[in-house]
Amino acid sequence: MNNSFMNMASIGDFDPLNQSIPATKVEITVSCRNLLDRDTFSKSDPSKTRHLCFCFLTHVEQFGRTEVIDNTLNPDFVRKFILDYFFEERQNLRFDLILPLSMSNQDFLGQAYCTLGEVVGSLGSRSEKALGGIQGKKCGTIIVKAEELSNCRESVMMQFCGNKLDKKDFFGRSDPYLIFYRSNEDSTFTICHKTEVVKNTLNPVWQAFKIPVRALCNGDYDRTIKVEVYDWDRDGGHDFIGEFSTSYRELSRGQSQFNVYEVINPKKKERKKKYLNSGTLKWVFHMFCNTQAYLSQTGNPAQPTSLHYMSPYQLNAYAMALKAVGEIIQDYDSDKMFPALGFGAKLPPDGRISHEFALNGNPQNPYCTGIDGVMEAYYQSLKSVQLYGPTNFSPIINHVARYASSVKDGSQYFVLLIITDGVISDMAQTKESIVNAACLPMSIIIVGVGPAEFDAMEELDGDEIRISSRGRYAERDIVQFVPFRDYVDRTGNHILSMARLAKDVLAEIPDQFLSYMRTRGIKPAPAPPPYTPPPYTPPGLPIQTDI
């Protein structure tokens with residue numbers, strides 16, 4: 001629920017005559033062509049062909065990274081790099097392409113160097129470079145495109161569903177997905193969003209997603225937005241179904257009513273006289289404004305566009321994350337009583353905004369019986385509170401830290417699970433809370449739900465760089481962050497999605513627990529005496545009891 005994963009403070013300040021010159025925000029889009037194929041298994045298992053791009057800046061070891069794209073040597077990365085551009089400075093960039101094989105193993109595919117000014121100053125602000133770094137190998141090319149970002153702060157929540165799309169699979173229907181592009185001044189298009197794949201259907205319903213308006217049209221409401229529909233294939237040869245064009249102004253006239261767009265395949269239209277379309281797409285949207293006093297981006301739980309939507313057919317992403325992690329954690333809790341707190345809502349009866357409220361409505365006793373009790377409290381709270389911003393993490397972290405600070409003898413260890421769609425309004429305070437909590441017997445799990453780029457959450461996860469506040473570093477890494485979307489099973493198997501999430505999200509907890517115990521010199525308690533069964537009483541004889 002935050003902006004791009006790549007957002008960061010400016011590279012440096014140029015301040016002649018003691019007057020700071022404001023930076024210009026630019027968005028960097030990366031594509032690659034004819035990459036080196038280092039996947040020796042690609043013919044037998046083409047899904048193993050994956051690509052990931054990192055961006056490095058002067059004075060910054062790693063600025064950001066794109067998403068992983070499967071099975072193509074010509075990736076167009078959706079995730080952008082957002083940079084502060086200073087005309088008067090030389091801002092060196094380095095792009096590394098890798099093939100991620102596992103968490104600890106990856107293949108290097110090449111790298112390219114340029115300056116931000118070089119990209120901005122190129123024709124159409126588009127620079128194409130040969131990738132190098134592997135002796136004797138042609139590594140392909142990288143295309144880097146820059147566009148100045150407008151000050152538009154609006155975001156839009158959209159959801160699309162298809163009807164009677166073309167059948168592309170011989171043994172099934174189609175596995176459709178959507179790609180959104182915004183038009184550029186030079187009549188080219190830049191990819192700005194890609195939906196998930198909906199398997200084996202000609203009438204797909206894609207998950208709702210939130211996207212900044214400036215990503216769709218950079219604040220120009222009349223700029224063309226092109227939407228392409230594809231049928232996903234495992235071998236990477238995704239079949240084109242059709243496309244349509246619209247604009248944000250046209251979308252915004254819908255007033256949350258359904259609009260219908262014909263999906264057109266130009267080749268089919270040219271070839272077949274009786275061709276009408278390759279299906280239709282309907283859409284519905286709800287717009288939010290990025291201000292401090294806003295309705296939470298999670299939206300109205302009664303609407304399908306909300307991440308909190310209570311569907312009669314399946315769990316929402318919040319509930320799946322809660323159930324997946326909670327059902328494993330509860331096995332290590334003796335009394336199975338869990339305090340469940342919410343944050344970012346207006347509470348009845350007076351509409352007071354709270355960042356630390358009991359989901360069960362009882363602030364004196366926020367405990368719920370088991371994870372099923374937590375789930376019930378969550379559903380009930382959605383019916384009584386109004387989701388609202390800003391979104392503050394520190395009150396919740398401090399709440400758990402107060403309990404953890406009172407039990408430092410190793411008899412208890414606290415695990416805080418935070419489920420969020422990404423926005424965080426108190427970053428500085430949250431960092432300080434985590435640094436303070438790092439010396440306590442507690443761990444923090446953050447699960448990101450929804451389509452946002454979780455740059456703030458990645459920063460809180462201290463795997464790469466230990467989190468710090470006011471010059472003080474956390475004693476140990478206590479935060480584990482994962483985006484739930486990375487674990488969603490493509491076939492729609494929610495049980496498998498939850499199992500994958502739980503496995504990864506809990507992987508660091510044992511080491512975090514042991515690191516606290518070892519640094520404090522706390523040894524395991526003596527084992528209880530061996531179990532001694534009661535004396536055997538032959539059948540038919542009375543059993544002695546004490547009254």
Side-chain angles (χ1 to χ4, degrees), residues 322 325-345 347 354-371 373-374 377-378 381 391-420 424 426-447 460-462 466-470 472-481 505-506 508-528:
L322 177 60
V325 178
E327 285 189 343
I328 292 180
I329 285 288
Q330 72 176 355
D331 288 343
Y332 300 92
D333 189 280
S334 56
D335 61 8
K336 305 293 188 291
M337 298 296 293
F338 301 101
L341 305 174
F343 56 98
L347 306 186
S354 175
H355 303 292
E356 186 185 353
F357 62 92
L359 289 184
N360 64 4
N362 186 352
Q364 280 71 44
N365 183 17
Y367 286 83
C368 303
T369 304
I371 293 304
V374 175
Y378 163 61
S381 71
T391 303
N392 296 338
F393 279 23
S394 58
I396 294 288
I397 297 173
N398 293 336
H399 180 105
V400 178
R402 284 194 294 271
Y403 286 94
S405 64
S406 65
V407 188
K408 297 182 181 180
D409 60 358
S411 60
Q412 295 186 51
Y413 194 86
F414 297 78
V415 177
L416 168 61
L417 170 63
I418 299 176
I419 307 173
T420 177
I424 180 168
D426 64 338
M427 189 65 171
Q429 294 90 334
T430 296
K431 285 183 176 181
E432 185 171 6
S433 297
I434 292 173
V435 170
N436 292 337
C439 62
L440 300 175
M442 67 178 285
S443 292
I444 301 172
I445 297 171
I446 303 176
V447 178
L460 297 179
D461 190 321
R466 184 65 57 84
I467 192 171
S468 65
S469 174
R470 302 185 185 183
R472 185 165 60 99
Y473 284 86
E475 178 183 310
R476 58 194 181 94
D477 175 21
I478 64 169
V479 178
Q480 167 77 337
F481 165 74
V505 84
L506 296 171
E508 294 185 10
I509 298 299
D511 285 342
Q512 292 175 1
F513 168 77
L514 290 174
S515 72
Y516 176 82
M517 297 301 176
R518 287 167 181 163
T519 56
R520 299 301 186 279
I522 301 174
K523 300 185 182 300

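Just so you know, residue 1 is the first one in the sequence shown, and it goes up from there.
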NZ of Lys408: more than 12 outside heavy atoms within 6.0 angstrom? no

Taking all atoms of both residues into account, what is the closest heavy-atom pair of [X] and [Y], and its distance?
X	Y	value
Gly344	His355	N-ND1, 3.7 Å
Ala428	Ser469	O-OG, 4.4 Å
Asn398	Ser433	OD1-OG, 3.0 Å
Leu460	Ile434	CD2-CD1, 3.9 Å
Ile397	Ile418	CG1-CD1, 4.3 Å

Please tell me if the side chains of [X] and [Y] come closer than 4.5 Å, counting only heavy atoms from C-beta onward.
X	Y	value
Ile446	Gln480	no
Pro395	Asp426	yes
Asp511	Ile509	no

Please evaluate residues Ile522 and Asp409 with respect to the criterion side-chain contact (heavy atoms from CB on, under 4.5 Å), reporting the C-alpha separation (whole Å), side-chain torsions for both, the decisive distance (0.1 Å), and the verdict. CA-CA 7 Å; Ile522 301 174; Asp409 60 358; 5.7 Å; no

Please determine if Glu475 and Arg520 form a salt bridge, counting it only when a charged side-chain N lies under 4.0 Å from a carboxylate O. yes

Let me see the working for Phe338 and Ile371 under side-chain contact (heavy atoms from CB on, under 4.5 Å), right down to the final yes or no. CA-CA 8 Å; Phe338 301 101; Ile371 293 304; 4.2 Å; yes

Where does the angle between the aromatic ring planes of Phe414 and Tyr403 fall among parallel (under 30°), tilted (30 to 60°) and perpendicular (over 60°)? tilted

Any pair counted as salt bridge (charged side-chain N to carboxylate O under 4.0 Å, His left out), so long as it reaches residues 392-405, sequence neighbours left out: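 Applying salt bridge (charged side-chain N to carboxylate O under 4.0 Å, His left out) to every pair that reaches into residues 392-405, excluding sequence neighbours, yields Glu356-Arg402.
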
Run the side-chain donor-acceptor check on residues 436-445: report pairs under 3.5 Å with partners two or more places apart or on a different chain.
unit_1 : atom_1 : unit_2 : atom_2 : d
Asn436 : OD1    : Arg472 : NH2    : 2.4
Asn436 : ND2    : Glu432 : O      : 3.2
Ser443 : OG     : Tyr413 : OH     : 2.7
Ser443 : OG     : Gln512 : OE1    : 2.6

Taking it one step at a time, do Asn392 and Gln429 satisfy side-chain contact (heavy atoms from CB on, under 4.5 Å)? CA-CA 9 Å; Asn392 296 338; Gln429 294 90 334; over 6 Å; no

Enumerate the residue pairs fulfilling side-chain hydrogen bond (donor to acceptor under 3.5 Å, both in side chains) with a member in residues 358-369, sequence neighbours excluded, ordered by first and then second residue.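 Sorted pair list comes back empty.
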
Run the numbers on Ile467 and Val479 for side-chain contact (heavy atoms from CB on, under 4.5 Å), then give the verdict. CA-CA 9 Å; Ile467 192 171; Val479 178; 6.0 Å; no

